[in-house]
Amino acid sequence: MDVKTLAQQVNTLASQCVRCGLCLTVCPTYQLNRLEAESPRGRIQLLAAVARDELMPDAILNQHLSQCLSCRQCEMVCPTHVPYENLLLKGRALLQQKNPRQTGLSFILKIMTYSATWRRRLFNGYRLFVKLGLLSLSTRLGLLRLFKCQRLLAYLPKPLSPTFINASPYKIAHPRGCVLLLTGCSSDVLEPQTLTDAVFLLNAWGYEVIIPKEQQCCGALHAHAGFDTHAATLAKKNTAVFLAIAQQQKLAAIIQLTTGCASTWQTYVNLPAPIIDIQRFLLDQWPTDLRLNALALSVAIHTPCSQRNSMHEKSLSQSLLSKIPELQLTHFGDTTCCGAAGDYFLKHPQLSDQLGQHVTKALKPLAVSWVVSANIGCRLQLAKQLADQKMHHRQLSHPISVLARAL
Ligand code: SF4
Ligand code: SF4
């Protein structure tokens, strides 16, 4: 989109704000910094001023806008329903066009979101690096700090499991239908067990599963960094892949595993089947004759901002897991963002840690053995923050892994 159109759209959306300030009470960055420019209302006014050419983008303005978590907590309380997320995405795209030098994705994230083949190569290389003892050597020599990758490495699961081998189609006898499974840009290398559990459950529910080998990142990270053209290209490529498969095979649904990608998938058009979160799909398609084993465990549910505020499915994980006999459920950290927020944890480590510690502190008094969250970014953040607070003993997974255990 050209600068003039973007500026017009930003201005129109921003004019819906009546500056009442209700959103300030729920905004995590305003609560931490107590600065108007770190609030939804302040950011809206900054973007409107840029759109009207009253303000030139500079490092300070970029910082205030980049520090927004896109948690959409502000949208939930806004009396005039300002579409803040949409406004922010357009505003960041406008800034990117006016000031293309602002930082985008880090090099490693570019590879992560570029292609599955390069992602696997990167992680195979990393495994070898660890195996040969080069990681501890580099840490001792301070090379990780030098190349600014110590924070990213701190978020990688330890030990790193072997990469998920995509052997789809996963066929079954007498299927109810066929679904496509979206793996996102990191599940296959960071959480192969989540994918294995997803295939296992979907098969058990009577659905054959195809995991498209040519699928790409949904484009959320690019859109949030202001690269709207790149995000649109990824959407086009993914849609073409889905349509090509649908020509051979009737699809009941396209299943997403990561709530953080939900709002981006929602922007896709002309799809051959609806995109549905796996928890919602399993609940809606619950087999009448399914019997689950009892699990006498205590599980703490973390509900990602994306599940609460983008999908509007706050109780989804609770509804799914309450089907398991004897499972005890509790909730934590449901009122604020955990600070993962796409690549926010890399760009704003200090704020991310403050938010992450706040959320994980709520876990301390809870006697739970298993923690679940439906967004991979939140799970990586919780794991890192729990490890920092020496709270290692809790198992951490997607909610569907508990369900898979009960089956
Ligand atoms: S709650 Fe809505 S209308 Fe009020 S200041 Fe915030 S964004 Fe503007
Ligand atoms: S999206 Fe979240 S961090 Fe950003 S302004 Fe709204 S409440 Fe604040």
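Everything numeric in this text was worked out from a predicted model, so none of it was measured. When a ligand or atom number is given, it counts from 1 through the structure's own listing order.
In terms of heavy-atom proximity, Ser369 sits nearest to Leu297 at OG-CD2, 3.7 Å.
Protein atoms of type N, O or S found under 2.8 Å from atom 8 (Fe) of ligand 2 total 1.
Identified under the ring pair (Phe, Tyr, Trp, His ring centres under 6.0 Å) test for residues 53-90, with sequence neighbours left out: none. Applying the side chain to side chain donor-acceptor pair (under 3.5 Å) test to residues at least two apart or on different chains, the pairs with a partner in residues 235-247 are Asn238-Tyr268.
Qualifying salt bridge (charged side-chain N to carboxylate O under 4.0 Å, His left out) partners for Arg120, counting only residues two or more places apart in sequence or in other chains: Asp188.
Looking at atom 7 (S) of ligand 1, its nearest protein heavy atom turns out to be Ile44 CD1, 3.6 Å. The protein heavy atom nearest to atom 4 (Fe) of ligand 1 is Cys20 SG, 2.4 Å. Annotation: atom 2 (Fe) of ligand 1 to nearest protein heavy atom, Cys78 SG, 2.4 Å.
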Run the side chain to side chain contact (heavy atoms under 4.5 Å, CB included) check on Trp286 and Lys323 step by step: do they pass?
-> CA-CA 10 Å; Trp286 198 269; Lys323 299 258 186 194; 3.7 Å; yes
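Evaluated for a side chain to side chain donor-acceptor pair (under 3.5 Å) with Thr360, the options Gln389, Arg394, Gln385 yield exactly one hit, Gln389. Residue Tyr170 is tested with Ile211, Leu202, Leu181 for a side chain to side chain contact (heavy atoms under 4.5 Å, CB included); the sole match is Ile211.
A salt bridge does not link Arg176 with Glu208: every distance from a Lys NZ or Arg NE/NH1/NH2 to an Asp or Glu carboxylate oxygen is 4.0 Å or more. Salt bridge status for Arg92 with Asp228: absent, with no side-chain N to carboxylate O gap under 4.0 Å.
Atoms of ligand 1 lying under 4.0 Å from at least one heavy atom of Pro79, given by number and element, are 1 (S). The ligand atoms of ligand 1 that sit less than 4.0 angstrom from a heavy atom of Arg41 are 5 (S). Distances below 4.0 Å separate heavy atoms of Thr80 from the following atoms of ligand 1: 3 (S). Every atom of ligand 1 with a heavy atom of Arg19 under 4.0 Å away is listed here by number and element: 5 (S), 8 (Fe). Every atom of ligand 1 is numbered from 1 in the order shown, and the set under 4.0 Å from a heavy atom of Gly21 is 4 (Fe), 5 (S).
Counting heavy atoms from C-beta outward, Ser373 and Gln381 have side chains that stay 4.5 Å or more apart.
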